[in-house]
Amino acid sequence: MRPDTPAENVDHHAEAARLERTAGLYPEDAEHLLLQAAAHLELAGHRPRATSLYDSLLSSSTPLENPHLVRALKASNLWEYGHEAEARAIIDGIRAASPPDPAPWVIVAEALEQHDELEAAQETFTQGVTLLLTDVAEPPYSTLPLLFGRHRVRRMLGAPHDEWDTRADTLHSSSVSLDELHDPKRIWSLGSNNPAELEAEISRLRAELGVYREALSRPFPVAVLHWPAQELTELLAAFPSLSAEYPSHEQHLATIEASLRELSASGTPNLGIVTGTVPSYEAFAASEASSPADGSLLPQYATTLAARGLAVAWPPQRTGECWCGSGRVYGECHGTPNA
């Protein structure tokens with residue numbers, strides 16, 4: 001689908017089929033592509049077919065990058081066409097697994113909210129917020145929907161503000177406060193004849209639209225290229241001239257962290273890490289009619305991977321697994337100041 005194609009003019013079935021074909025050609029990107037295909041099928045109202053795509057991912061022999069996200073999307077989709085019991089079971093499983101990524105929490109909490117399970121939605125939002133943001137000085141952008149969703153549900157329940165709600169208010173950047181946007185007693189435009197109330201509601205709607213547009217328009221991350229140890233060894237064996245770029249794997253990892261910290265300190269937003277593989281890099285070089293030994297291709301390769309949705313946001317949660325693949329938590333690995 002072209003980026004400038006109006007949504008109402010999209011043939012969702014055709015787009016889903018195209019994405020499925022593309023996933024067959026690029027199996028390393030299958031998870032990302034098939035999730036997009038499933039989204040198109042849901043928009044087309046073909047929910048059973050979307051579920052079959054989620055099932056195919058979950059039953060694949062290839063390990064998934066984010067299996068909890070796939071399960072969350074499957075649960076949300078199932079509930080929409082009458083499979084409530086199965087959806088609830090999946091949601092319970094996700095909550096028990098305590099995924100370190102905010103997206104599954106948001107999806108299952110919003111599914112509960114959409115079906116008027118407000119108490120359960122609040123509990124789910126709170127569980128996710130507590131897990132991911134306790135002792136986190138600056139919540140990553142990806143966690144803001146957790147805080148804002150929790151605030152929204154609590155306003156609908158009439159719950160008094162707590163520390164997390166206050167934090168959500170502080171992080172909210174719109175000209176209209178969260179309390180006003182999430183006020184369950186808002187007077188909607190179609191229900192009022194008062195011009196002042198109509199104008200106020202239009203302002204609120206514009207503010208909400210601005211927030212949505214900001215979220216949708218965020219570019220793909222400014223990404224730094226990471227080579228796992230085995231891949232870097234293979235890369236340098238095949239193209240020794242790249243040794244100038246990568247004197248050692250340990251220095252490579254240290255340079256990644258230092259570069260990202262420098263970018264963050266300069267105010268660069270939306271940072272990420274992409275992981276390279278030698279076959280993928282060679283294919284990219286061939287597509288550019290260039291030699292993989294050309295070091296100037298490396299930044300372009302990183303940008304291409306990020307544009308394909310393969311970047312992992314940096315920094316991770318301090319209690320989450322470090323990006324380097326050591327298996328240690330970030331706060332005890334590259335998340336330490338002298339890492």
Worksheet item: If two hydrophobic side chains count as joined below 4.5 Å and joins carry through other members, does Val106 share a cluster with Ile94?
Response: no

Worksheet item: Hey, mind stepping through Asp165 and Arg155 against salt bridge (charged side-chain N to carboxylate O under 4.0 Å, His left out) and telling me if it holds?
Response: CA-CA 10 Å; Asp165 291 323; Arg155 284 288 281 148; over 6 Å; no

Response to the item:
The salt bridge (charged side-chain N to carboxylate O under 4.0 Å, His left out) partners of Glu42 (sequence neighbours excluded) come to Arg47

Worksheet item: What side-chain hydrogen bond (donor to acceptor under 3.5 Å, both in side chains) pairs are there with at least one residue in residues 58-72, not counting sequence neighbours?
Response: Asn66-Asp101

Worksheet item: Restricting to pairs with a member in residues 84-109, which pass ring-ring contact (aromatic ring centres under 6.0 Å, His included), not counting sequence neighbours?
Response: none

Worksheet item: Looking only at atom types and distance, does a side-chain atom of Thr170 sit under 3.5 Å from a main-chain N or O of Thr166, one as donor and one as acceptor?
Response: yes

Worksheet entry | Presence of salt bridge, Arg328 and Glu321, under 4.0 angstrom | no

Worksheet item: Sub-3.5 Å donor-acceptor pair from the side chain of Thr126 to the main-chain atoms of Gln122, do we have one?
Response: yes

Worksheet item: Are the side chain of Tyr281 and the backbone of Pro292 linked by a donor-acceptor contact shorter than 3.5 Å?
Response: yes

Practice prompt. Determine whether Trp164 and Thr134 make a side-chain contact, defined as any pair of heavy atoms from C-beta on separated by less than 4.5 Å.
Written response: yes

Response to the item:
With sequence neighbours left out, the residues meeting side-chain contact (heavy atoms from CB on, under 4.5 Å) with Glu123 are Arg95

Practice prompt. Go through the structure and list residues passing side-chain contact (heavy atoms from CB on, under 4.5 Å) with Thr143, not counting sequence neighbours.
Written response: Pro102, Leu133, Pro139, Pro140, Gln317

Response to the item:
Under a side-chain separation threshold of 4.5 Å, the hydrophobic residues clustered together with Leu53 are Leu34, Leu35, Leu41, Tyr54, Leu57, Leu58, Leu64, Leu69, Val70, Leu73, Ile107

Discussion item. Hydrophobic clustering (ILVMFWY, side-chain heavy atoms < 4.5 Å, transitive) - are Leu118 and Leu146 grouped together?
Written reply: yes

Fill in: Polar side chain donor-acceptor pair, Glu257 to Trp314, under 3.5 angstrom
yes

Practice prompt. Kindly compute the distance separating CG (Leu310) from CD (Glu31), expressed to the nearest 0.5 Å.
Written response: 10.0 Å

Item to complete: Each residue besides Leu25 in its hydrophobic cluster should be listed here, by chain and number; the cluster joins Ile, Leu, Val, Met, Phe, Trp and Tyr at side-chain heavy-atom distances under 4.5 Å.
Response: Tyr26

Response to the item:
side-chain contact (heavy atoms from CB on, under 4.5 Å) filter on Ser291, not counting sequence neighbours, yields Ala293

Practice prompt. For Glu119, check salt bridge (charged side-chain N to carboxylate O under 4.0 Å, His left out) against everything at least two apart and list the hits.
Written response: none

Fill in: Exercise: do Ser280 and Tyr301 side chains pair donor with acceptor under 3.5 Å
yes

Worksheet item: Just by distance, with hydrogens left out, do Glu80 and His115 show a side-chain donor and acceptor under 3.5 Å apart?
Response: yes

Worksheet item: Step by step, would you call Glu163 with Arg167 a salt bridge (charged side-chain N to carboxylate O under 4.0 Å, His left out)?
Response: CA-CA 6 Å; Glu163 291 184 8; Arg167 197 166 192 186; over 6 Å; no

Worksheet item: Looking only at side chains, do Ser264 and Arg261 share a donor and an acceptor under 3.5 Å apart?
Response: no

Fill in: For Ala39, all residues meeting side-chain contact (heavy atoms from CB on, under 4.5 Å), sequence neighbours excluded
none

Item to complete: Classify the ring geometry between His226 and Trp323 as parallel (under 30°), tilted (30 to 60°) or perpendicular (over 60°).
Response: perpendicular

Worksheet item: Going from CG on Leu297 to CG on Leu225, what distance comes out if it is rounded to the nearest 0.5 angstrom?
Response: 11.5 Å

Worksheet item: Please, which pairs that meet side-chain hydrogen bond (donor to acceptor under 3.5 Å, both in side chains) have at least one residue in residues 238-249, sequence neighbours excluded?
Response: Trp227-Tyr246

Fill in: All ring pair (Phe, Tyr, Trp, His ring centres under 6.0 Å) counterparts of His46, not counting sequence neighbours
His13

Worksheet item: Got a donor-acceptor contact below 3.5 angstrom from the Asp29 side chain to the His32 backbone?
Response: no

Discussion item. Once rounded to the nearest 0.5 Å, what's the spacing between atom CG of Asp11 and atom CZ of Arg18?
Written reply: 11.5 Å

Item to complete: Go through the steps for Glu113 and Arg150 under the test salt bridge (charged side-chain N to carboxylate O under 4.0 Å, His left out), then give the verdict.
Response: CA-CA 10 Å; Glu113 177 188 355; Arg150 181 180 184 276; over 6 Å; no

Worksheet entry | Distance (rounded to the nearest 0.5 Å) between Glu234 CD and Phe239 CZ | 9.0 Å

